[in-house]
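Order of appearance sets the numbers: ligands from 1, and atoms from 1 within every ligand. When a residue number appears, it is its place in the shown sequence, counting from 1. Here the structure is a predicted model, which means the values were calculated and not measured.
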Amino acid sequence: MTILVTGGAGYIGSHTCVELLNEGYEVVVADNYYNSVPAVLDRVEKITGKTLKRYNCDIRDRNGLKKIFSENTIDAVIHFAGLKAVGESTRLPLMYYENNISGSVVLFEEMAQAGCKKIVFSSSATVYGNNPIPYKEDMVTGDVSSPYGRTKHFIEQILGDVYKSDNEWSISLLRYFNPIGAHESGLIGEDPNGIPNNLMPYISRVAIGKLPQLTVFGGDYDTKDGTCIRDYIHVVDLAKAHLCAVAKILGTTGIEAYNIGNGKGYSVLDIITAFEKASGKKLNYIIGDRREGDLPAFYADASKANTQLDWHAQYDIDKMCEDTWNFQTKNPDGIK
Ligand code: NAD
Ligand code: UD1
């Protein structure tokens with residue numbers, strides 16, 4: 001079985017390539033390296049002792065995709081390629097709509113053209129917006145606070161219309177909660193350009209001394225310690241969810257959404273404490289103002305993925321912090 005992984009050199013994509021190769025799949029990666037480097041794929045090969053096929057291809061490049069589908073028999077696609085910085089998306093919405101939505105439409109057209117109608121799509125818990133917690137898949141979605149989030153919602157809707165128009169499609173929408181952690185080899189992990197926006201990469205750069213201080217965004221929320229609650233999920237658990245979803249779509253048709261989270265909420269202060277334990281470092285932080293657009297608390301009801309995909313998260317918050325720190329210390333200057 002051959003899987004095309006768009007965005008396969010990125011954070012979640014690279015961990016998923018490792019799991020696919022370990023499971024015996026043939027892997028073809030299409031990435032334009034906008035937010036990654038080809039060396040990540042060398043490291044995937046090093047971890048697994050297997051090779052993958054790679055194309056420097058932008059998913060908006062129709063001819064590039066045609067070449068991939070003509071040179072390979074693709075059984076299914078896992079679609080990670082996209083831009084993901086929430087703040088940047090409010091400043092540059094058209095860039096996000098063009099890259100994420102136009103790119104996805106070109107990809108879906110070329111899949112249909114090639115007769116490949118099986119796809120796992122990287123969606124996000126952000127599609128739930130302001131719903132009661134825990135979030136469940138049958139809640140109304142779309143009340144999202146950023147252009148980035150809207151691209152995820154729109155692409156889910158587009159795939160819904162694709163399925164309605166052609167019931168041969170098999171589509172899995174994976175709504176990720178907050179992925180953190182790294183492969184335990186320390187060879188691959190999250191390696192954002194510039195100053196990180198997300199909590200975990202920010203914390204690990206403070207711990208290693210590359211940033212002076214973490215600002216906790218808000219200490220006056222109506223939560224157990226006043227800081228926001230999120231559902232953090234180890235990236236390797238998340239990667240494994242893709243294998244479960246691929247196994248499912250290969251044998252069925254239809255469209256289903258699944259929450260991929262631990263089902264547990266941790267506060268920002270919980271994460272700081274766990275990270276201090278894992279790293280043995282005291283973290284320099286202050287409590288600052290709330291960040292616009294942040295919800296006080298959300299976490300998943302992941303029972304649908306547990307029962308229908310037979311997927312279960314294995315790793316706890318301590319392991320997530322240990323693996324992040326291991327990656328950070330082994331790659332103080334990122335992956336070159
Ligand atoms: P990432 O930026 O590390 O990986 C995305 C990859 O896609 C990168 O390698 C990038 O170079 C590539 N890419 C971007 N635009 C492309 C294009 N037009 N053509 C080809 N390649 C392109 O991000 P990630 O954290 O691995 O996220 C993967 C997917 O999961 C994204 O779609 C993201 O929106 C989604 N997601 C991520 C999170 C998260 O917290 N990391 C949460 C929910 C959903
Ligand atoms: C954000 C996005 C979500 C996206 C996810 C991963 C919003 C509303 N949601 O989730 O769509 O899928 O990133 O890219 O933007 N925090 C601090 N200090 C920091 C950074 C973060 O206190 O320097 C806090 C935040 O307030 C939040 C928690 O840490 O409570 C997690 O933040 P982050 O990692 O950015 O993820 P989300 O905001 O949950």
Purely on distance, is any nitrogen or oxygen of [X] under 3.5 Å from one on ligand 2?
X: N198; value: yes
X: L199; value: yes
X: F217; value: yes
X: S124; value: yes

Practice problem: Would you give the length of the straight line joining atom OG1 of T252 to atom CD of Q308, rounded to the nearest 0.5 angstrom? | Solution: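 Here the interatomic distance stands at 10.5 Å.
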Give the table of side-chain donor-acceptor pairs shorter than 3.5 Å for residues 185-192, with sequence neighbours excluded, one pair per line with atom names and distance.
unit_1: S185; atom_1: OG; unit_2: H183; atom_2: ND1; d: 2.7
unit_1: S185; atom_1: OG; unit_2: L187; atom_2: N; d: 3.1
unit_1: D191; atom_1: OD2; unit_2: I335; atom_2: N; d: 2.8

Give the single entry among [options] that approaches [atom] most closely by any heavy atom.
atom: atom 2 (C) of ligand 2; options: T126, T227, V86; answer: V86
atom: atom 44 (C) of ligand 1; options: S122, P192, S123; answer: S123
atom: atom 14 (C) of ligand 1; options: G7, G82, P179, G10; answer: G82
atom: atom 43 (C) of ligand 1; options: Y176, Y232, Y55; answer: Y176

Quiz item: D294 heavy atoms, cut-off 4.0 Å: which ligand 2 atoms fall inside?
Solution: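 Close to D294: 25 (C), 26 (O), 38 (O).
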Quiz item: Got an N/O contact under 3.5 Å between E190 and ligand 1?
Solution: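 Between E190 and ligand 1, no N or O pair is found under 3.5 Å apart.
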Quiz prompt | Identified side chain to side chain contact (heavy atoms under 4.5 Å, CB included) counterpart of V77 within the set V120, I3, L4 | solution =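 Among the candidates, only L4 passes.
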Quiz item: Nearest protein heavy-atom contact for atom 18 (N) of ligand 1: which residue, which atom, what distance?
Solution: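 Heavy-atom neighbour on the protein nearest atom 18 (N) of ligand 1: N99 OD1, 2.9 Å.
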Quiz item: Any idea which protein heavy atom is nearest atom 19 (N) of ligand 1, and the distance to it?
Solution: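 The answer is I59 N, 3.0 Å.
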Practice problem: Consider ligand 2: state whether an atom of it lies below 4.0 angstrom from any non-hydrogen atom of Y232. | Solution: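 For ligand 2, residue contact (heavy atoms, under 4.0 Å) with Y232 is present.
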Location of contacts on [X] toward ligand 1, heavy atoms closer than 4.0 Å:
X: Y33; result: backbone
X: A125; result: neither
X: K152; result: side chain
X: I12; result: both

Quiz item: Under 4.0 Å from ligand 2, counting heavy atoms only, is it the side chain of N197, its backbone, both or neither?
Solution: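 Only the backbone of N197 comes within reach of ligand 2.
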Quiz item: Any idea which part of Y148 is under 4.0 Å from ligand 2, heavy-atom wise: side chain, backbone, both or neither?
Solution: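 Only the side chain of Y148 comes within reach of ligand 2.
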Quiz item: Which ligand 1 atoms are under 4.0 Å away from a heavy-atom of C57?
Solution: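 Atoms satisfying the 4.0 Å criterion: 19 (N), 20 (C).
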